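Each remark here refers to the structure printed beneath this line.
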Amino acid sequence: MNMFNQTLGNTQAQDYQGAIAKNFISNVFSWMGIALAITAVTAYFFGTDMELMSLLINESGMSTLGWVVMLAPFGLVLLMGFGFNRLSYGALVVVFSLYSVLMGMSLSFILLIYTASSVFQTFLVTSLMFGVMAIIGYTTKTDLTKFGSILMMALVGIILASVVNFFMKSAAFDYFISFIGVLIFTGLTAYDVQKLKRIGAGIEYQDANTNKLTIMGALNLYLDFVNLFLFLLRFMGNRK
């Protein structure tokens with residue numbers, strides 16, 4: 001009888017923890033979706049309104065605000081990462097929302113380069129690929145930790161390669177970097193979802209950091225999606 005009660009208790013505990021993990025993942029994807037929506041709407045308005053775009057670029061090139069828009073998102077990511085313990089949940093939400101707006105302003109430039117239809121098609125393909133890899137990451141029993149480490153090293157490699165190609169200006173090398181970039185962020189999507197699932201499984205009910213972890217998880221998936229989209233756009237985008 002005691003063994004039965006103990007087994008029943010363990011099963012109930014596992015179900016309870018599983019429910020918490022599912023709720024955590026659901027909240028992460030909700031915040032990611034909100035951030036992507038903010039970015040998409042902002043990019044559309046700036047990319048289709050020349051008065052707004054004139055705030056970012058002028059006859060001499062990038063305006064001061066334009067440079068702020070291009071560089072500030074990187075600083076906000078660092079702020080969220082290094083300031084996780086010091087920033088409140090509300091502060092993280094504000095910074096993440098601001099980051100989404102600035103990214104939208106930054107990404108509005110692609111509407112000046114690529115046709116709207118090809119951007120939309122690339123977005124749909126990105127969504128499909130991201131969704132498939134997210135499902136794989138959530139359901140697979142394979143431990144992706146080692147793959148994640150390899151992918152992170154590869155990411156550093158393509159960043160360095162991109163810097164080198166900035167001076168080389170090789171179209172062939174650029175396509176190669178883009179191809180590798182698609183592979184890296186496709187893999188990172190599955191890895192990050194599995195990592196978030198494990199984080200969710202280890203969360204205690206009403207943990208003070210749960211909401212903050214939700215925002216950071218949404219940021220990770222947001223970055224995976226946007227970078228996958230940008231690398232795919234180099235292949236699928238039709239220039240004006």
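Computed from a prediction, not measured in an experiment: that's the story for all the values here.
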Inset, instruction - Taking atom CE of Met70 as the centre, report whether more than 12 heavy atoms of other residues, nucleotides or ligands fall under 6.0 Å from it. - result: no
Legend entry - Residue Phe147 excluded, over 12 heavy atoms near CZ under 6.0 Å: no
Inset, instruction - Look only at the side chain of Ser63 and the backbone of Leu55, and say whether a donor-acceptor pair between them is shorter than 3.5 Å. - result: yes
Inset, instruction - Flag the pair Phe229 / Met236 as yes when at least one side-chain heavy-atom distance between them is below 4.5 Å, and no otherwise. - result: no
Inset, instruction - Give a yes or no on this: more than 12 heavy atoms of other residues, nucleotides or ligands lie within 6.0 Å of atom OH of Tyr44. - result: no
Inset, instruction - Determine whether more than 12 heavy atoms belonging to other residues, nucleotides or ligands lie under 6.0 Å from atom CZ of Phe173. - result: yes
Legend entry - Side-chain touch Phe84/Leu213, heavy atoms, less than 4.5 angstrom: yes
Legend entry - Residues Val226, Leu107; criterion side-chain contact (heavy atoms from CB on, under 4.5 Å); working and verdict: CA-CA 10 Å; Val226 170; Leu107 292 176; 4.2 Å; yes
Inset, instruction - Flag yes if more than 12 heavy atoms outside Phe179 fall under 6.0 Å of its CZ atom; otherwise flag no. - result: no
Inset, instruction - Please report the shortest heavy-atom distance between Ala134 and Phe29, naming the atom on each side. - result: CB-CZ, 4.0 Å
Legend entry - Leu112 side chain near Met50 side chain, heavy-atom distance below 4.5 Å: yes
Legend entry - Contact summary for Leu144 and Thr140, nearest pair of heavy atoms: CD1-CG2, 4.2 Å
Legend entry - Check: Asp224 and Leu221 side chains under 4.5 Å, non-hydrogen atoms: yes
Inset, instruction - Examine distances only and state if a side-chain atom of Ser106 and a backbone atom of Leu102 form a donor-acceptor pair shorter than 3.5 Å. - result: no
Legend entry - Nearest heavy-atom neighbours spanning Ile110 and Val119: CD1-CG1, 4.2 Å
Legend entry - ILVMFWY network linking Leu155 to Tyr222, side-chain heavy atoms under 4.5 angstrom: no
Legend entry - side-chain contact (heavy atoms from CB on, under 4.5 Å) between Arg198 and Thr145, worked out: CA-CA 11 Å; Arg198 289 176 176 173; Thr145 303; 3.3 Å; yes
Legend entry - Within-4.5 Å side-chain heavy-atom neighbours: Gln121 and Thr115: no
Inset, instruction - Flag yes if Leu36 and Val125 sit in one hydrophobic cluster, no otherwise; membership is Ile, Leu, Val, Met, Phe, Trp, Tyr, and two members link when side-chain heavy atoms are under 4.5 Å apart. - result: no
Legend entry - Non-neighbouring partners of Val132 that pass side-chain contact (heavy atoms from CB on, under 4.5 Å), sequence neighbours left out: Leu128, Ile136
Inset, instruction - Count the heavy atoms of every other residue, nucleotide or ligand shown that sit under 6.0 Å from CZ of Phe120, and state whether that count exceeds 12. - result: no
Inset, instruction - With sequence neighbours excluded, tell me which residues meet salt bridge (Lys or Arg N to Asp or Glu O under 4.0 Å) with Asp192. - result: Lys195
Inset, instruction - Determine whether Met168 and Asn165 make a side-chain contact, defined as any pair of heavy atoms from C-beta on separated by less than 4.5 Å. - result: yes
Inset, instruction - Please report the closest heavy-atom contact between Ala218 and Met32, naming both atoms and the distance. - result: CB-N, 3.6 Å
Legend entry - Thr39 backbone acceptor or donor facing Ser100 side chain under 3.5 Å: no
Legend entry - Leu111 and Phe46: CA distance, side-chain angles, deciding distance, side-chain contact (heavy atoms from CB on, under 4.5 Å) verdict: CA-CA 9 Å; Leu111 293 175; Phe46 272 82; over 6 Å; no
Inset, instruction - Take Trp31 and Met216 through the side-chain contact (heavy atoms from CB on, under 4.5 Å) test and state the conclusion after the steps. - result: CA-CA 10 Å; Trp31 274 111; Met216 295 306 297; over 6 Å; no
Inset, instruction - Apply the ring pair (Phe, Tyr, Trp, His ring centres under 6.0 Å) test between Phe225 and each candidate in Phe231, Phe123, Phe185; give the one that qualifies. - result: Phe123
Legend entry - Heavy-atom side-chain proximity of Tyr89 to Thr214 below 4.5 angstrom: no
Legend entry - Shortest non-hydrogen separation from Ser108 to Leu56 and the atoms involved: OG-CD1, 4.0 Å
Inset, instruction - Could you tell me which non-hydrogen atom of Phe24 sits nearest to which non-hydrogen atom of Gly200, and how far apart they are? - result: CD2-CA, 3.5 Å
Legend entry - Donor-acceptor pair, side chain of Ser162 and main chain of Ile158, under 3.5 angstrom: yes
Inset, instruction - Verify, without hydrogens or angle tests, whether Lys212 (side chain) and Leu87 (backbone) share a donor-acceptor contact under 3.5 angstrom. - result: yes
Legend entry - Donor + acceptor pair across side chains of Tyr114, Thr122 (<3.5 Å): no
